[in-house]
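Every chain is numbered from 1, with letters handed out A, B, ... down the list of sequences. Here the structure is a predicted model, which is why all the values come from computation and not from measurement.
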Amino acid sequence: MTGMRTKRSTPRLRPERAATAVAKRLEDSPHLPAFDHARHLLEWYDRHRRRLPWRAQAGERADPYAVWLSEIMLQQTTVAAVAPYYARFLARWPDVRALAQATLDEVLVAWQGLGYYARARNLHRAARVVAGDLGGVFPDTEDGLRALPGVGAYTAAAVAAIAFERRTAAVDANVERVIARLFCIDTPMPRAKARIRALAASLVPARRAGDFAQAAMDLGATVCTPRAPSCEICPWTAVCAARAIGRAEELPRRAPRKARARRRAVAFWAMRADGAVLLRRREDGGLLGSMIELPSTAWRAGAWREADARRAAPLRARWRALPGTVEHVFSHLEIAFRVLAARVAARAAAPEGCFWWPLARLAEQALPTMTKKLVAHARGPRADGRRR
DNA sequence: AATTCGTGGCC
DNA sequence: TGGCCAAGAAT
């Protein structure tokens, strides 16, 4: 019901005036105190907060390492996707010194499938900074945290508030949406960011800044949702300017996204007689940086003719084209792979930049989802019935 | 300021 | 189905 969109037959109120009207209605009532946003939100949070693996129990102190680790993983990533990774990381590397002692490749293997792999590289770098230069102690200020690789404005504020009770606003996409609606901000993102941040900061209470940060995010995640917000159960519904004029669901405004570029490539599946396959590590930076892939042709806009692909093969062999294609979608591009497969002698040497690796031990390599899809396609239908 | 960075779930 | 979105950072 709440998600139904109704056509407006009356001219819409200007957002600024809507916000002003709500504010005035409250401030002009001499018998009512000013609306205490933080109090209403925190009371709601105490009853409805989500139980999350990285969240301390009510009254308990948060571990800065656990908070930092969870915040890095949660960047642009859903709670459901993060949970199992977080559990594995914390079990294997219970503190920042343990993580600092791990190799980068161990961290990349543990991160595989979670995406945005620069986060894993920065996580490892930051762990070494904290464990080394900082004596194993996390900075307890926003500026100190912000200086760590992979820690930007949001994450610094979140860790400072949650782990150290610093009075600061952690403004993520949830909070941006909540604030844009609360004040009916019509300016499209990202231009409205500075104003939203200032408004959010004005609501942070002197006490329980960490709970306030998490409460605001919970509110955005469970009540003030992108589509079909549950305004009737929102602790701020009485003072929400967008709600007052029925515009909550259309805020915040965003510029339309650019279409994804499409690329095509041919991947090579070389199976050695001893059961090893040919792999390649991608270069350090950029897309899937430092992760493992199948040797492939360049990614280009146009289709590959099979003859051209054969000439680009990493080694001489009797390549045969596998049926079908493998599609994979990244943030800003999508790619379709054809696969050429070949069996080669056990003595075959690895070409420059590539290495042979036992198929049975593939799990030890840092394989992004793109590579896993190609491997599954090349191996074909399994007897265990896990693939069609 | 605008791009580049993954992946999976949702409707 | 395909577009949208998710506890953003780095450049």
Side-chain angles (χ1 to χ4, degrees), chain A residues 3 49-50 52-55 62 66-86 108 111-123 125-126 145-163 169-178 188-194 197 200 210 212-222 224-228 249-250 252 254-262 282-291 293 327-335 366-373:
Chain A
R49 73 199 205 111
R50 293 178 291 175
L52 301 174
W54 42 87
R55 207 169 254 184
V67 174
W68 164 73
L69 176 62
S70 70
E71 289 299 342
I72 300 297
M73 288 185 166
L74 286 161
Q75 289 166 5
Q76 293 289 284
T77 309
T78 57
V79 164
V82 164
Y85 287 85
Y86 175 81
L108 289 174
W111 197 277
Q112 64 176 292
L114 196 54
Y116 285 141
Y117 298 96
R119 292 184 296 173
R121 300 193 296 271
N122 286 331
L123 184 85
R125 280 206 298 150
L145 290 159
R146 179 70 181 78
L148 296 174
V151 176
Y154 160 76
T155 303
V159 176
I162 297 169
V171 182
D172 71 332
N174 287 306
V175 177
E176 281 178 352
R177 182 170 59 255
V178 170
M189 300 296 294
R191 217 165 7 124
K193 273 179 180 292
R197 178 174 305 226
F212 181 85
Q214 295 176 90
M217 290 187 274
D218 273 18
L219 187 67
T222 65
C224 194
T225 49
R227 292 185 309 268
E249 190 164 6
E250 62 187 81
R254 295 181 191 284
R257 302 187 179 187
K258 212 175 61 172
R260 267 189 201 97
R262 183 163 179 83
R282 293 177 61 85
E283 57 184 322
D284 282 350
L287 185 66
L288 304 180
S290 305
M291 301 296 284
E293 66 177 354
E327 299 272 348
H328 192 69
V329 179
F330 296 99
S331 307
H332 62 292
L333 63 86
E334 56 191 41
I335 182 162
L367 310 182
T369 299
M370 177 195 80
T371 303
K372 288 187 174 180
K373 281 188 190 175

Short side-chain N/O contact from [X] to OP1 or OP2 of [N], under 4.0 Å:
X       : N       : result
H332(A) : dT4(B)  : no
T155(A) : dA9(C)  : yes
H328(A) : dT7(B)  : yes
R146(A) : dA10(C) : yes
Q76(A)  : dG8(C)  : yes
K258(A) : dT4(B)  : yes
Y117(A) : dT7(B)  : yes
R257(A) : dC5(C)  : yes

TODO: Could you check R260(A), R262(A), K373(A) and say which one makes a salt bridge (Lys or Arg N to Asp or Glu O under 4.0 Å) with E327(A)?
DONE: R262(A)

Open item on the list: Base, sugar-phosphate or nothing for A173(A)? Non-hydrogen atoms, less than 4.0 Å.
Closed with: sugar-phosphate

Open item on the list: Are more than 12 heavy atoms, taken from residues, nucleotides or ligands other than R227(A), located less than 6.0 Å from that residue's CZ atom?
Closed with: no

Of the nucleotides [options], which has the atom closest to the [X] side chain?
X       : options                : value
F330(A) : dA9(C), dA7(C), dG6(B) : dG6(B)
R177(A) : dA7(C), dT7(B), dA6(C) : dA6(C)
S331(A) : dG8(C), dG6(B), dC4(C) : dG6(B)
T77(A)  : dT7(B), dA7(C), dG6(B) : dG6(B)
M370(A) : dT4(B), dT7(B), dA7(C) : dT7(B)

Task: Contact nearer the 5' end of DNA chain B, comparing V329(A) with R227(A) - done: V329(A)

Open item on the list: With salt bridge (charged side-chain N to carboxylate O under 4.0 Å, His left out) as the criterion, how do R119(A) and E71(A) come out once you've worked through the C-alpha distance, each side chain's angles and the decisive distance to 0.1 Å?
Closed with: CA-CA 11 Å; R119(A) 292 184 296 173; E71(A) 289 299 342; over 6 Å; no

Task: Check: R121(A) side chain, dA10(C) base, donor-acceptor under 3.5 Å - done: no

Open item on the list: What I want to check is whether an N or O donor and acceptor connect the side chain of T369(A) with the base of dG6(B) at under 3.5 Å.
Closed with: no

TODO: Write down the atom of L114(A), the atom of M73(A), and the distance for their closest heavy-atom approach.
DONE: CD2-CG, 4.1 Å

Open item on the list: Using heavy-atom distances to pick each residue's nearest nucleotide on DNA chain C, tell me which of R55(A) and R125(A) is more 5'.
Closed with: R55(A)

Open item on the list: Need to verify one output field. Residue with the more 5' nearest nucleotide on DNA chain C, T78(A) or L148(A)?
Closed with: T78(A)

